[in-house]
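A quick write-up on the structure given underneath.
The sequence lines fix the lettering, A, B, ..., with proteins before strands; numbering per chain opens at 1. All values below were derived from every heavy atom in this structure, side-chain atoms included, with hydrogens, water molecules and symmetry-related copies excluded.
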Number of protein chains: 2
Amino acid sequence: MEHIRILAVDDHEMIMFGYKYILEDADFCDFKITVDTANSFELGIKKIEESTISYKYDIILLDIQLSITEEGTPHTGEDIGVFARKTVPDSKVVFMSSFSDNYRINNILTTVDPDGYMVKSEINKKTLYDMVHTILKDPPYYSSKALQAIRRKMSSNISIDENDKKIIYHLSIGTKTKDLTNHISLSLAGIENRKRHLKVIFGIEKQNDQALINEAKIRGFI
Amino acid sequence: MEHIRILAVDDHEMIMFGYKYILEDADFCDFKITVDTANSFELGIKKIEESTISYKYDIILLDIQLSITEEGTPHTGEDIGVFARKTVPDSKVVFMSSFSDNYRINNILTTVDPDGYMVKSEINKKTLYDMVHTILKDPPYYSSKALQAIRRKMSSNISIDENDKKIIYHLSIGTKTKDLTNHISLSLAGIENRKRHLKVIFGIEKQNDQALINEAKIRGFI
DNA sequence: ATAAAAACCTTAGAAAAACTAAGGTTTTTA
DNA sequence: TAAAAACCTTAGTTTTTCTAAGGTTTTTAT
């Protein structure tokens, strides 16, 4: 009988143990599952490193937000995902995250290209089993809210460059237009021109910045 | 008990009747299904039009390739999809197509934004039931190969403009570089410059046109 | 209600990017 | 092996984007 090894990384122990017991208890006909757990970025990295010289994990389940355990640059599950992609390319990476906004989902799919993404509110016994089964047999696996974010992105024909993304992002956190020159290497007039153009392509000419932010959110740009 | 109405449009009768009998025979606990069929573009359009003044279809299953039955501009299932989107926006549109190439899948998802896409080689009793269930409860539904095409597109950060797409497309059907000026409003030098730039961003400098075509195919650009 | 600040808009000019033309070299095809 | 096609480089042109500045309109703060 095939033996499937899974690593679950989440800073909430109860969540990890939930995955562990549900998956280890599962009555998969043709394989047996063991689940290792790690409750911090550092421990997650360590277990992945150790797996390179012993049995590699078949699946690595990653939360995105991990609490900071030590001083230094804060790290996320995304950083673990990137690390795993390089270090153990045959291990399947699946994000299990409470983030369900279009931007976060689409951004992770672009930067890490994980084998799966599940929004936490959609994780239950059945979807967990479905995920493991699909990931092993025929990846990728995306839960429903992830699919909805993907669909929104796929159906949008608009693409914007890094400067435009920065403009929208900073506006969305409250920065005034005149202060955007501190964050973006363009003149105020250049920024104003781009704002005007973004409003045209989003179909909201003559509307305010909040409308711009809303349209960008809908499309997954922030 | 809820009554679910489905329209299946395919120019192969056996396929339509396959869907019809499998779905009408299904033992869905909480609803009953009837499946109408149409074996041509014209008949499909007619049935959708009729549905606007009677019961609208809950789900419309569309093949993409439909044989030409009459003189005139050939139409595809995609055209029916666009028509349905406008005419009966509450009806869910699902493509059931033999096309499994990245370009075709991604292109349909952008231009029609269907509620689902299934590659024909992945359609069986179980996946058909899963599709109907998901489409009714929590769309979208994409079959495995469609998800793989989507994943490939999502993870690629490259975007190219319409001129570049035309260059790659025409090269892929055998047009020589010097003849591209007949199809694209640029000088030969302009086209050569763009080819050189495309090869840089696809990471295939100094390689031939076939390499460029291959990289574009992988990324779903053609 | 009013003044100040911010945003928007327009015009003119500058800078950067993309394009064109042409010709030489290299590679591919017949 | 010759011809055709593709690639590369240089110089100049055209197009696009940016900047600067100032005026008008809208929003915010008092």
**Complete:** For B/N163, the side chain to side chain contact (heavy atoms under 4.5 Å, CB included) test, sequence neighbours excluded, returns B/D161, B/I184, B/L186, B/R194
**Request:** Using the ring pair (Phe, Tyr, Trp, His ring centres under 6.0 Å) rule, collect all pairs that involve residues 85-122 of chain B, keeping only residues at least two apart or in two chains.
**Result:** none
**Request:** Report the secondary structure of DNA chain C in dot-bracket form, marking unpaired bases with a dot and bases paired to a different strand with |, and treating Watson-Crick or G-U pairs with both distances under 3.5 Å as paired.
**Result:** ||||||||||||||||||||||||||||||
**Item:** Sub-4.0 Å heavy-atom contacts from residues 160-168 of chain A onto DNA chain D, ordered by number
**Value:** none
**Request:** Quick one: list whatever passes salt bridge (charged side-chain N to carboxylate O under 4.0 Å, His left out) with A/E192, sequence neighbours left out.
**Result:** none
**Message:** Give me each pair satisfying ring pair (Phe, Tyr, Trp, His ring centres under 6.0 Å) with a member in residues 130-166 of chain A, each pair once, sequence neighbours excluded.
**Reply:** none
**Item:** Of all pairs that satisfy side-chain hydrogen bond (donor to acceptor under 3.5 Å, both in side chains), the ones with a partner from residues 167-182 of chain B, not counting sequence neighbours
**Value:** B/T177-B/K195
**Prompt:** Looking only at heavy atoms, which two atoms of B/R219 and B/K153 are closest? And how far apart?
**Reply:** O-CD, 4.2 Å
**Request:** Compare every heavy atom of A/R151 with every heavy atom of B/P139, then report the nearest pair and how far apart it is.
**Result:** CB-NH1, 4.5 Å
**Item:** Heavy-atom closest pair, residues B/L109 and B/P114
**Value:** CD2-CG, 3.7 Å
**Prompt:** Which nucleotide of DNA chain C is the first, and which the last, in the 5' to 3' direction, to come under 4.0 Å of a heavy atom belonging to chain B?
**Reply:** C/dC19 to C/dA21
**Request:** Check B/M16 against B/A8 and note the closest heavy-atom contact, atom names and distance.
**Result:** SD-O, 3.5 Å
**Complete:** Sorted by number, residues from residues 172-204 of chain B placing a heavy atom under 4.0 Å from DNA chain D are B/K176, B/T177, B/K178, B/E192, B/K195, B/R196, B/K199
**Counterpart residues, side chain to side chain donor-acceptor pair (under 3.5 Å), relative to B/R104 (two or more places apart)** = none
**Item:** Partner set under salt bridge (charged side-chain N to carboxylate O under 4.0 Å, His left out) for A/K217, not counting sequence neighbours
**Value:** none
Please list, one pair per line, the donor and acceptor atoms closer than 3.5 Å that link side chains of residues 57-66 of chain B to other protein atoms, with sequence neighbours excluded.
{"residue": "B/Y57", "atom": "OH", "partner": "B/D36", "partner atom": "OD2", "Å": "2.6"}
{"residue": "B/D58", "atom": "OD2", "partner": "B/R5", "partner atom": "N", "Å": "2.7"}
{"residue": "B/D63", "atom": "OD2", "partner": "B/K120", "partner atom": "NZ", "Å": "3.1"}

